[in-house]
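Nothing here was measured: the structure is a model prediction, and the numbers come from that model. Side chains included, hydrogens not; waters and symmetry mates left out as well; all remaining heavy atoms used. Count residues from 1 along the sequence.
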Amino acid sequence: MAAAVAAPAAAGSRDVEFIRARSDKREYRRVVLPNALEILLISDPDTDKAAACMEVEVGSFSDPEGLEGLAHFLEHMLFYASEKYPGEDEYKKYITEHGGSCNAYTSSETTNFYFDVNVDNFEEALDRFAQFFIKPLMSQDAVLREIKAVDSEHKKNLLSDGWRMYQLQKHLASKDHPYHKFSTGSLETLEIKPKGRGLDIRHELLKFYENYSANLMHLVVYGKESLDCIQGLVDRLFSDIKNTDQRSFKCPSHPLSEEHLQLLVKALPIEEGDYLRIIWPITPSIQFYKEGPCHYLSHLIGHEGEGSIFHIIKELGWAMNLMAGESTDSTEYSFFSISMRLTDAGHEHVEDIVGLIFKYLVLLKEDGVHEWIFNELVAINGTEFHYQDKIDPISYVTGTVSSMRLFPPEEWLVGSALPSKYAPQRIMMILDQLSPERVRIFWESKKFEGSTTSAEPWYNTSYSVENVIPSVIQQWIQKAPTEKLHLPEPNMFIPKDLALKEVNEKVTFPKVLRKTPLSQLWYKPDLLFSTPKVHVIIDFHCPLSSHSPEAYVSTDLFVDLLVDYLNAYAFDAQIAGLYYSIYLTSAGFQVSLGGYNDKMRVLLNAILKQIANFEVKPNRFSALKETTVKDYQNFNFRQPHSQASFYVSLILEDKKWPVPEKLEALSKLESDSLAKFLPNLLSKTFLECYIQGNIEPSEAKSIAQEIEDTIFNTPNTMFKSMSPSQYLTERVIMLENELKCYYQIEGLNQKNENSSVIQYIQVHQDDASSNIKLQLFSLIASQPAFNQLRTVEQLGYITRLSLRSDYGVWALQVVIQSTVKDPSYLDARVDEFFKMFESKIHELSDKDFKRNVKSLIDSKLEKFKNLWEESHFYWGEIDAGTLKFDRVESEVALLRELKKEEFIAFFDQYIKLDAPQRRTVSVQVFSGNHSAEFKKAVAEADPPKTYRITDIFGFKRSRPLYSSLKGGPGRITMD
């Protein structure tokens with residue numbers, strides 16, 4: 001690994017030589033203000049977005065006793081208003097209107113606030129942001145309203161297994177340790193119980209805010225201007241933050257005492273599927289970050305190649321995945337965990353699986369630490385660090401800010417990403433901590449129904465606890481499978497050739513380089529990023545893949561089996577930075593590869609051979625079918641707003657099948673019937689290929705030839721060519737002008753207290769002039785909708801107005817999920833919002849109109865930051881059939897000419913409540929809480945200009961379809 005490049009700090013700051021990637025052209029400076037606020041300044045002249053992130057060393061561990069969730073509640077409240085900007089939601093409104101986004105999160109020891117915005121608006125946005133930490137207003141009215149938002153957020157999580165199992169792990173810990181606490185907050189913890197104790201929650205909130213002291217804060221500021229300019233800005237805006245010299249929260253040692261170890265916890269989940277988590281408390285490896293002991297161990301324990309734990313239990317049909325690694329939310333304690341999804345057979349062999357894991361840990365101890373493995377990881381990490389892709393500024397600042405608290409300044413940009421000190425004794429020390437004496441085993445299964453003995457108090461998760469003493473685990477080790485466990489071989493996918501290819505022809509847009517009756521190749525060299533990486537997409541267009549529920553589930557399983565077969569071989573490639581995925585599409589399946597170009601063809605060749613020589617292996621078919629059945633069954637437990645979104649798609653899309661029909665088809669599918677289906681499926685195939693990156697045109701052609709030869713000319717291949725007349729296109733139904741359709745249904749899990757509505761307003765098919773007007777409306781309306789429906793009316797935590805595109809048919813949609821009101825009421829409030837907002841659009845000043853247009857133009861002109869962003873944009877145009885590679889330029893040109901009167905006329909024509917071309921579907925999912933309202937809603941007579949959908953497929957058959965934007969294979973003309 002080459003030595004990292006150091007960036008000299010600018011004059012006027014403490015001289016810090018930041019260790020940074022060779023490819024990083026940004027400038028950095030560390031600044032400490034007189035109030036002790038420590039800041040990292042980043043100057044990037046190429047950026048289109050500016051961003052900032054503040055981390056405060058106050059988190060949920062600091063919640064006062066009996067006020068669970070107060071830190072999280074304070075995080076919510078700081079968004080409301082400040083003395084300098086007293087308008088409610090002023091901050092969020094300004095950010096959203098200027099092409100930005102903002103959010104925050106509360107963790108155990110810190111709270112993080114962050115935003116991004118168009119560069120021209122950075123100073124004003126940053127000033128509003130700084131007021132969070134100077135003089136926020138927390139009015140009594142806002143406090144009482146926002147408690148409801150926190151409660152709604154908690155109720156959204158009540159039936160989420162992730163939240164439930166995490167709280168159960170915390171519950172089974174020392175009661176006097178803050179890890180044991182509930183941290184989200186709810187109506188009970190923030191209003192009912194405090195009121196019962198005579199506490200004023202606003203007073204408690206203001207008192208808690210006093211912990212927010214400048215000496216406990218770290219700020220990252222990312223701008224386009226020079227470092228001196230940005231420094232002047234932060235000096236002016238952040239110097240007024242008070243420094244009350246607070247002490248940071250120091251966590252008391254480890255949350256687990258001896259009574260919490262050697263446990264087997266059996267827990268009852270909400271969703272279908274069995275999961276096993278094996279957890280040990282360990283010394284946090286942040287203390288030895290240059291040695292990286294957990295990185296070494298998780299690489300081996302979580303490996304999926306031959307000889308690994310996962311490879312053996314997968315071949316035995318016991319597990320579907322495995323993840324291993326360290327997890328922590330504190331510098332004082334940490335956990336190492338191994339988690340997996342079990343099959344039904346795996347459920348019967350948990351003792352064998354645990355025994356096999358401990359057997360592997362014994363092997364690691366006996367075999368000792370291998371320096372070549374450590375060096376291999378050092379090489380992989382070095383290449384990954386120095387050739388890292390540029391990411392959006394908001395992700396960069398949020399990813400960097402925590403390093404300021406944990407590492408010396410010169411290591412802020414690298415953190416723990418480059419362990420370089422080989423310390424076998426440290427690896428053995430952590431390995432010794434993964435012992436039977438210290439283990440906690442969490443096992444989730446619906447098969448435990450009726451046999452649990454306790455309930456966790458916050459989420460009411462049923463569980464029971466058994467002791468597992470080391471001698472029992474020794475017995476499990478003795479009877480574990482005897483298959484040969486061994487360490488991985490050296491990784492053949494580590495890239496050696498990182499040279500950049502010469503590009504003679506400067507190709508602005510993708511072009512068709514090769515075209516035959518079997519395939520078409522689109523190609524674009526990398527002219528922007530100078531990185532030794534490539535992106536390859538092969539779209540298998542198979543028109544017989546989705547013509548029935550049986551075809552859909554058969555194609556789905558075929559794709560899952562392909563990934564399953566390739567897993568052991570391709571795992572090394574992913575470790576070395578060469579990624580692949582194979583997934584289902586609406587008209588077949590797609591293979592995507594991305595990463596270093598050096599070994600790309602080796603992996604591509606293996607994938608193609610696996611596809612061309614595919615056979616159904618009955619044992620793997622059974623395991624995957626079982627898992628897929630459970631995944632389909634889990635549709636019932638999805639969040640209601642997610643179920644509503646599926647119903648919208650089911651109503652709109654020409655070829656989409658209901659989950660019950662797919663589930664029925666899957667339950668009847670057997671391995672031999674899949675084997676019979678595949679020759680039929682693959683007998684009509686056309687390949688659309690896209691290659692972009694560090695690759696010459698001649699090599700791209702050679703790859704396309706290899707793809708075609710392997711797929712169509714391999715002996716015994718099932719693939720055959722497809723005639724153009726068989727090309728399948730997805731089409732969307734056209735709703736009727738001035739008609740509001742309703743689809744009302746009870747939620748599939750009546751225990752979920754949340755109801756949901758999605759009001760979908762269909763506007764137009766892809767067209768530059770209409771696109772910009774709809775996008776402009778969404779930009780102007782999204783924050784006022786959020787403010788009215790969530791902040792003011794407190795209808796629910798999940799509330800948003802956004803754009804939606806289904807195969808190029810554009811629409812607006814408003815989504816609300818609520819426990820407090822039923823969907824009919826929510827839908828009426830959405831109507832009322834549009835009615836109220838009509839005057840806002842009609843009264844829009846010229847100044848505000850121009851400001852919003854400029855903001856939309858700025859967002860559109862945002863440059864691609866990496867190869868993947870660029871290739872996804874161009875492939876999106878090819879895949880949709882629009883081929884508008886100059887979409888940004890053409891839409892910006894139209895925006896510059898757009899008149900306010902044209903925009904208002906568009907609103908009046910398509911969006912306002914009684915617009916002549918308003919076409920609406922309201923999908924309403926009623927929870928068990930609102931069953932009386934459901935009965936009332938379905939019994940009511942339909943008002944004028946409405947239509948109740950009772951039979952989705954009958955309704956679809958009665959409606960015309962939009963034309964397809966795809967002209968079939970080989971369509972390469974530009975519109």
Side-chain angles (χ1 to χ4, degrees), residues 639-653 656 732-748 754-763 774 777-778 781-782 785-786 788-790 793 795-796 798-804 806 809-818 820-838 910-927 929-931 933-956 958-959:
Q639 292 281 355
H641 74 90
S642 175
Q643 291 181 12
S645 183
F646 177 82
Y647 294 133
V648 173
S649 298
L650 194 61
I651 289 166
L652 294 174
E653 291 174 26
K656 196 169 184 82
V732 174
I733 73 147
M734 190 182 288
L735 299 173
E736 192 169 319
N737 291 343
E738 292 191 278
L739 184 68
K740 183 172 188 178
C741 301
Y742 289 88
Y743 180 65
Q744 296 168 318
I745 189 169
E746 289 186 284
L748 297 172
N754 293 278
S755 289
S756 186
V757 69
I758 293 184
Q759 191 176 117
Y760 167 95
I761 304 159
Q762 192 176 71
V763 183
L774 187 63
F777 177 79
S778 178
S782 61
F786 178 89
Q788 180 61 36
L789 300 170
R790 158 136 175 218
E793 298 188 31
L795 295 177
I798 294 173
T799 302
R800 62 177 173 268
L801 179 152
S802 59
L803 295 175
R804 173 175 175 140
D806 296 83
V809 174
W810 285 93
L812 280 171
Q813 67 174 15
V814 181
V815 180
I816 307 177
Q817 181 166 292
S818 178
V820 292
K821 296 292 181 182
D822 72 276
S824 296
Y825 178 90
L826 300 176
D827 187 61
R829 296 315 301 159
V830 174
D831 281 352
E832 191 57 38
F833 167 76
F834 279 106
K835 198 169 167 184
M836 176 270 294
F837 204 64
E838 194 178 316
Y910 294 100
I911 299 170
K912 79 171 186 178
L913 208 54
D914 55 352
Q917 285 183 260
R918 196 182 211 256
R919 304 189 293 267
T920 314
V921 168
S922 174
V923 170
Q924 304 176 6
V925 176
F926 288 74
S927 71
N929 270 17
H930 300 129
S931 56
E933 289 88 342
F934 174 73
K935 291 186 178 77
K936 184 183 168 201
V938 295
E940 281 175 350
D942 297 343
K945 295 189 177 180
T946 65
Y947 176 81
R948 187 184 305 278
I949 301 171
T950 52
D951 170 9
I952 287 178
F953 289 89
F955 173 74
K956 281 160 80 160
S958 73
R959 299 299 313 146

Ignoring hydrogens and geometry, is there a side-chain-to-backbone donor-acceptor pair from Arg800 to Ile816 under 3.5 Å?
no
Check your understanding: For the residue pair Phe955 and Tyr743, is the inter-centroid distance of their aromatic rings smaller than 6.0 Å?
Key -> no
The side-chain contact (heavy atoms from CB on, under 4.5 Å) partner of Pro640 among Ser927, Ser756, Ser818 is Ser756
Discussion item. Do Gln643 and Ile745 make a side-chain contact, defined as non-hydrogen atoms from C-beta onward lying under 4.5 Å apart?
Written reply: no
* Asked: Side chains of Leu774 and Tyr910: does their closest heavy-atom pair fall under 4.5 Å?
  -> no
> Is there side-chain contact between Arg804 and Ser645, with at least one heavy-atom pair below 4.5 Å?
Replying inline: yes
| said: Under a 3.5 Å distance rule, please check whether Gln817 uses its side chain to pair with a backbone N or O of His641 as donor and acceptor. | reply: yes
Exactly one of Glu746, Glu933, Gln744, His930 clears side-chain hydrogen bond (donor to acceptor under 3.5 Å, both in side chains) with Gln924, and that residue is Gln744
The side-chain contact (heavy atoms from CB on, under 4.5 Å) partner of Lys740 among Asp831, Val921, Leu913 is Asp831
Sub-4.5 Å side-chain heavy-atom contact between Tyr947 and Leu735: no
Interatomic distance, CG@Asp914 vs NZ@Lys835, rounded to 0.5 Å, equals 9.5 Å
- request: State, yes or no, whether a side-chain contact exists between Pro916 and Asn737 at a heavy-atom distance under 4.5 Å.
  value: no
*Any donor and acceptor pair, going by atom type alone, linking the side chain of Lys821 with main-chain N or O of Gly796 inside 3.5 Å?*
no
Exercise. Are Ser824 and Phe926 side-chain neighbours, meaning at least one heavy-atom pair lies under 4.5 Å?
Worked result: yes
Distance col, row Phe837:CZ vs Leu801:CG, nearest 0.5 angstrom, shows 8.5 Å
Exercise for the section: Give a yes or no on whether a salt bridge exists between Glu736 and Arg959, defined as a side-chain N under 4.0 angstrom from a carboxylate O. Expected result: yes
Heavy-atom nearest pair, Gln762 first then Val732, reads NE2-CG1, 4.0 Å
Practice item. Under the side-chain contact (heavy atoms from CB on, under 4.5 Å) rule, what do Arg829 and Val757 come out as? Steps first, then yes or no, please. Key: CA-CA 11 Å; Arg829 296 315 301 159; Val757 69; over 6 Å; no
Looking at side-chain heavy atoms only, is the closest gap between Tyr760 and Tyr647 below 4.5 Å?
no
Determine whether Trp810 and Leu803 satisfy the following criterion, side-chain contact (heavy atoms from CB on, under 4.5 Å), listing intermediate values before the conclusion. CA-CA 7 Å; Trp810 285 93; Leu803 295 175; 4.1 Å; yes
Inset, instruction - Measure the shortest side-chain to side-chain distance between Leu789 and Val814 over non-hydrogen atoms and say whether it is less than 4.5 angstrom. - result: yes
Discussion item. Under the criterion side-chain hydrogen bond (donor to acceptor under 3.5 Å, both in side chains), I'd like the reasoning laid out for Arg918 against Thr920: C-alpha separation, chi angles, the key distance, then a yes or no.
Written reply: CA-CA 6 Å; Arg918 196 182 211 256; Thr920 314; 3.3 Å; yes
All heavy atoms of Glu653 vs all of Lys956, minimum pair found to be O-NZ, 2.6 Å
*Should Ile758 and Val925 be marked as a side-chain contact (heavy atoms from CB on, under 4.5 Å) after you check the CA-CA gap, both sets of side-chain angles, and the distance that decides it?*
CA-CA 9 Å; Ile758 293 184; Val925 176; over 6 Å; no
Inset, instruction - Might you work through the side-chain contact (heavy atoms from CB on, under 4.5 Å) test for Gln759 and Phe834, ending with a clear yes or no? - result: CA-CA 11 Å; Gln759 191 176 117; Phe834 279 106; 4.1 Å; yes
Tested for side-chain contact (heavy atoms from CB on, under 4.5 Å) against Leu812, the lone hit among Ser778, Ser802, Ser782 is Ser778
When every non-hydrogen atom of Lys945 is compared with those of Glu738, the smallest separation belongs to NZ-OE2, 3.3 Å
